[in-house]
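Here, residue 1 is the first one in the sequence, and each next residue gets the next number.
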Amino acid sequence: MTAPKLALATTPVAEASVDAIVIGTVHTGAGLALAPGGEQVDAAFGGKLVEVLGALGATGKADEIVKLPTLGALKAAVVVAAGLGKADDGVTAEQVRRASGAAARALGKTKHAATTLSSVDLQAAVEGTLLGAYSFTGYKSDAPAPELAKVDLAAPDEGTGKEHRATIKAATAIAEAVTTARDFVNTPPNDLYPASFAEKAAALAKAVGVEVEVLDEKALRKAGFGGVLGVGGGSVRQPRLVRMSYQGPKARKKIALVGKGITFDTGGISIKPAANMEQMTSDMSGAAAVVASVVLAAKLKYPLEIIATVPMAENMPSGAAYRPGDVLTMYGGKTVEVLNTDAEGRLILADAIVRACEDAPDYLVEISTLTGAQVVALGNRTSGIMGSDEFRDRVAGIAQATGEGGWAMPLPEELRADLDSRLADLSNVTGHRWGGMLAAGLFLREFVAEGVPWAHLDIAGPSFNTGAPWGYTGKGGTGLPVRTVAALLADIAANG
Ligand code: BES
Ligand code: MN
Ligand code: ZN
């Protein structure tokens with residue numbers, strides 16, 4: 001898809017020769033009100049904008065879009081009023097991002113729009129507009145070309161033009177990274193399989209000067225990656241392990257990123273029910289986010305060293321598939337008894353985490369669509385964040401601040417014994433359903449090197465939107481948690 005071009009408005013937005021003007025509304029105790037930035041548009045309507053929008057049913061609630069024909073009051077034919085929601089303590093960045101996204105989705109056949117939401121928060125308006133305008137139509141034979149070509153951004157009062165242009169550039173890069181992750185997730189599993197995923201990831205990384213190494217099945221066997229080989233063995237599309245190294249200028253911290261890259265998860269011999277199995281095309285969302293984040297870090301020249309370790313495999317049942325009852329020897333030597341081949345993510349991640357820790361990182365961040373239990377516990381919009389206490393809380397705070405959402409979850413010691421195995425060092429599942437997200441986190445902990453601060457993000461629900469579009473999130477891949485990772489990396493670059 002081609003993204004609209006975003007640039008600072010050169011004339012006051014209310015005077016702009018555009019097709020539509022986006023303004024914000026808020027929901028107050030007293031009812032509907034205009035968000036800051038809409039004053040000139042209101043003046044063009046003789047100060048009656050709230051009254052008219054109210055008569056049209058506007059309430060200012062989040063995700064509300066009300067379109068108003070201007071009938072000559074402005075050069076633009078339409079005013080698009082986007083609800084920001086409650087704003088008693090001021091409008092948040094995420095409110096601006098969501099309203100900008102909802103507006104972009106509602107602009108329909110509009111070619112050239114202007115927005116005043118950018119005067120409230122420029123970065124959020126850019127991100128929300130680009131993400132809301134996103135569509136994935138590569139597999140439609142008759143998809144119309146996207147119409148929205150250009151959006152003029154009203155500048156905030158504070159800051160210089162130069163600063164604003166830098167903000168637009170950085171926000172565009174972040175939105176592009178989210179889009180990259182979404183594209184990977186939305187590509188169907190017959191086209192995105194381990195070898196093709198590795199190839200696409202390598203091409204993106206090399207284009208920005210990131211060093212790439214791809215281990216194929218032979219190299220994996222030679223090095224002893226028993227988890228990746230066990231899980232990937234059932235597919236004719238053999239597994240891969242991608243390593244990407246970004247060496248930033250004056251890097252003082254080294255960050256290891258690990259992402260689950262199951263390009264399709266049938267469950268294997270412990271096969272999943274047919275209903276909704278197609279959603280398992282998204283089981284590589286963690287890998288997609290990691291690849292996109294490294295490329296973004298290189299584009300934005302973060303002063304960090306970042307090494308991504310991305311295991312890619314297709315979990316299929318076949319005569320060559322691993323079985324319940326198998327014992328796998330993982331990279332590094334630990335043995336795991338497989339009691340359920342559908343708990344495959346933790347097996348490929350165990351290998352990857354051990355490999356990642358060999359680089360002696362200052363922090364390790366691992367991202368995966370790991371458990372249905374995450375969705376049961378926290379729903380579709382809140383990732384579960386586990387790991388070492390302090391770093392876990394730091395990541396969770398950042399996930400909240402970006403608006404992507406995430407909540408710190410414990411790793412209860414008493415669950416650990418339920419992973420003990422009759423045969424091997426560890427089994428890959430407990431014998432019960434309780435605390436499934438946390439048990440998976442405890443399994444991963446066994447493979448993290450002593451003393452490395454680490455975080456595990458279970459994004460099973462939030463990475464893929466099976467419901468209606470909302471805010472800047474359409475159907476399908478959401479691109480989470482790229483913005484959280486970007487903010488975390490920026491935070492580490494600034495504060496260590
Ligand atoms: N990929 C799934 C987890 C998942 C579920 C992701 C729903 C996205 C949406 C994972 O590999 C899986 O199958 N997990 C099992 C673990 C169980 C066998 C312990 C699950 O959650 O049922
Ligand atoms: Mn599975
Ligand atoms: Zn899976």
Under 4.5 Å between any side-chain heavy atoms of [X] and [Y], yes or no?
| X | Y | answer |
| --- | --- | --- |
| V80 | L107 | yes |
| L68 | L56 | yes |
| Q95 | D121 | no |
| D265 | K272 | yes |
| V291 | F184 | yes |

Salt bridge or not for [X] and [Y], using N-O below 4.0 Å?
| X | Y | result |
| --- | --- | --- |
| R243 | D359 | yes |
| R394 | E390 | no |
| D63 | R98 | no |
| R240 | E213 | no |
| E305 | K250 | no |
| D152 | K150 | yes |

Verify whether one side chain among [X] and [Y] offers a donor that lies under 3.5 Å from an acceptor in the other.
| X | Y | answer |
| --- | --- | --- |
| D191 | Y139 | yes |
| T59 | E64 | yes |
| N465 | T473 | no |
| D283 | T369 | yes |
| E366 | S368 | yes |

Face-on cation placement of R182 at F136 ring, 6.0 Å and 45° thresholds: no
Charged tip of R105 within 45° of W470 ring normal and under 6.0 Å: no
Can you tell me how far the [atom1] atom of [X] sits from the [atom2] atom of [Y], to the nearest 0.5 Å?
| X | Y | atom1 | atom2 | value |
| --- | --- | --- | --- | --- |
| L489 | K253 | CG | NZ | 13.5 Å |
| E127 | L6 | CD | CG | 11.0 Å |
| Q374 | L457 | CD | CG | 10.0 Å |
| D458 | K260 | CG | NZ | 8.0 Å |
| E176 | D183 | CD | CG | 11.0 Å |
| I168 | Q123 | CD1 | CD | 11.0 Å |

Check: L49 main-chain N/O paired with D42 side-chain donor or acceptor under 3.5 Å: yes
Sole candidate of T478, T484, T382 that passes side-chain hydrogen bond (donor to acceptor under 3.5 Å, both in side chains) when paired with E404: T484
Full working for side chain to side chain contact (heavy atoms under 4.5 Å, CB included) between T116 and V22: CA-CA 6 Å; T116 65; V22 176; over 6 Å; no
